[in-house]
Amino acid sequence: MCGIVGYIGNTNATPILINALKKLEYRGYDSAGIAVLDKEDIVVRKCKGMIKSLEAKIADEVISGTMGIGHTRWATHGEPSDVNSHPQTNVSGTIAVVHNGIIENYAEIKSWLQNQGVVFRSETDTEVIAHLLNYHYEKTQKDIFKAVLKTLNHLEGSYALGVLCKDFPDRIIVARKDSPLVVGLGNGENFMGSDVPALLEHTREVHFLNDHEVAVLYRDRIDLFTDKGEKLIRKPFHVDWDIAAAEKNGYEHFMMKEIHEQPKALLDTFKLWNEIDLKDSWKDVQRIVITACGTAYHAGVVGKYAFEQFTRIPVEVDVASEYRYRNPVCSKNDAFIVISQSGETADTLAAVRLAKSHGSRILAITNCVGSTLSREADEVIYTRAGPEIAVASTKAFTTQLMCMYMLALKTAEIRGTMSKTELEKNLTELATISEKAQEIVDNKETIQKFAARQFNKNKVFFMGRLYDYAVSLESALKLKEIAYTHSESFAAGELKHGPIALVDNSTLVVAIATQKKLYEKLASNIKEVATRGASTLAITTDHSGLFDNTVDETFVIPETFDAFSPMLSVIPAQLFAYYCSIQRGNNPDKPRNLAKSVTVE
Ligand code: F6R
């Protein structure tokens, strides 16, 4: 989970690389570096810390080359340090490499190279690539393209690579396997990066590389090849994102901006209703399997409840990292729904490949056009969230929910498990969710004040029943991720089976209470924790004051159908996590130890 960038053109490469890296800092930010071909030599500057540390390091230098590569790191092999930062080079510093991914057989290659006399400087898996390139460069009479192909042939694992060679001042070579990589076409200049925001300032014409593809970037063109060296001809893809959508637009943090974007994102996603055209095969689906990781998995839990409620099809939901290893029962009659904001999560992709190998049809819900998932799935529904930059997912989650509801309703429609009138009622309600979400966001100060009083709690529990339980899972994850508060989620009915032993007067319990027929039961659960000294908050759709006497505070959200409430009730929880994070002096956009796109296992 690192970000790589590259530039070749006629202007100073350094500021272009630094700016591009800033756009990818969400992918990793424990160290950064660049390699620029300046006159005759490759100048490498890299250091531990965020990109601003790198900027400070080179502030007084003039590095004037017009081509280079860059890297922002999320450490896997070797601690964050100057020497472990990328780019890594061969011994003589004539070949430089940036890499996102993990080379699984690096230890084997390393000992082979050490036996050849190579002395390693870093603990990274990437350094083996630089030395292996050097080896093949010499063996191929200094043909860097051939050397790259031969090197790729030895690598196992995942990589998006950028290679710069001092003897080839006219080209940068990039390659991909199981890590995202996009190249962008400019006018007399060309670009590469791990993700589109790195390129967007300069071009909207891109090629998303597939696995086992290589691209050679010259100043005036980009040539595409397979990793066997066969030439590929492909039309570029036009990216139509609004550039402002990838910027902060006056908000202090991307996360706050993205929370505010939810009403629009929900509406935009809802407008897809008429475009969702399920294949006929959905008529005879006998079982649905949903897999995903993290927040996307929580969207899957909501999806299970919705599918079973609307369609009566049995649904299994599993985290992708478990699914891929547990020898699951798969069948051709299963529909396999995969949810992934990035479409690049390694565990999720592995689960997809496993299900595919058993003949299951794959429907992907993703936010990223051109992502690996979108290319490997049989059907794709794109959430219309726009780019999500903050590491903690917000608008991607609520739009994933919107997609799950629409999918469940479409399935109910084609299988005749819901009357026309019922369907219309549900769609009319879904159409109101956006404005209801807006009401919640407009009332954010109430949550801000609550967070100002509670941010120091060292234990926060979220509880709920049915759909509210799914929201509890997501709420606890948000708080862990960005406030670093120990938080857990419980199905409220489980309290008495153990967790209540943890409750004391240092605990905050947040009850999500939107399931009308279970209001009373939840009120009893709240009393049980309050009696044991916990502070309590209810996030509820009840407007009658039912919870007023049982909780310390109530945050009332607009009413909706019970099934649809997660799209609303999660928003106060996102805001609570955000404000607690700020109160604790954290950076909510870049939480420690986390990266936006988990492209390694
Ligand atoms: C939480 C979060 C992660 C992701 C998870 C899956 O805020 O962002 O838990 O949801 O890493 O990522 P995607 O959806 O890209 O597959």
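Note that the structure is a prediction, hence the values are computed from the model and not measured. In listed order, ligands and their atoms are each counted from 1.
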Here the salt bridge (Lys or Arg N to Asp or Glu O under 4.0 Å) pairs for residues 440-456, sequence neighbours left out, are Arg453-Glu553
Reference residue Ser393; test side-chain hydrogen bond (donor to acceptor under 3.5 Å, both in side chains); the match among Gln341, Glu388, Glu258: Glu388
Distance-only, no hydrogens or angles: does the Ser158 side chain make a donor-acceptor pair with backbone N or O of Ile102 under 3.5 Å? yes
Asp178 with Arg353: basic N within carboxylate O range, under 4.0 Å: yes
Report yes or no: does Asp334 contribute a side-chain atom to a donor-acceptor pair with the main-chain N or O of Phe336 at less than 3.5 Å? no
Check whether any side-chain N or O of Gln515 sits under 3.5 Å from a backbone N or O of Asp562 as a donor-acceptor pair, and report yes or no. yes
Neighbouring protein residues of ligand 1 - any heavy atom closer than 4.0 Å: Cys293, Gly294, Thr295, Ala296, Ser340, Gln341, Ser342, Thr345, Val391, Ala392, Ser393, Leu477, Lys478, Glu481, Val598
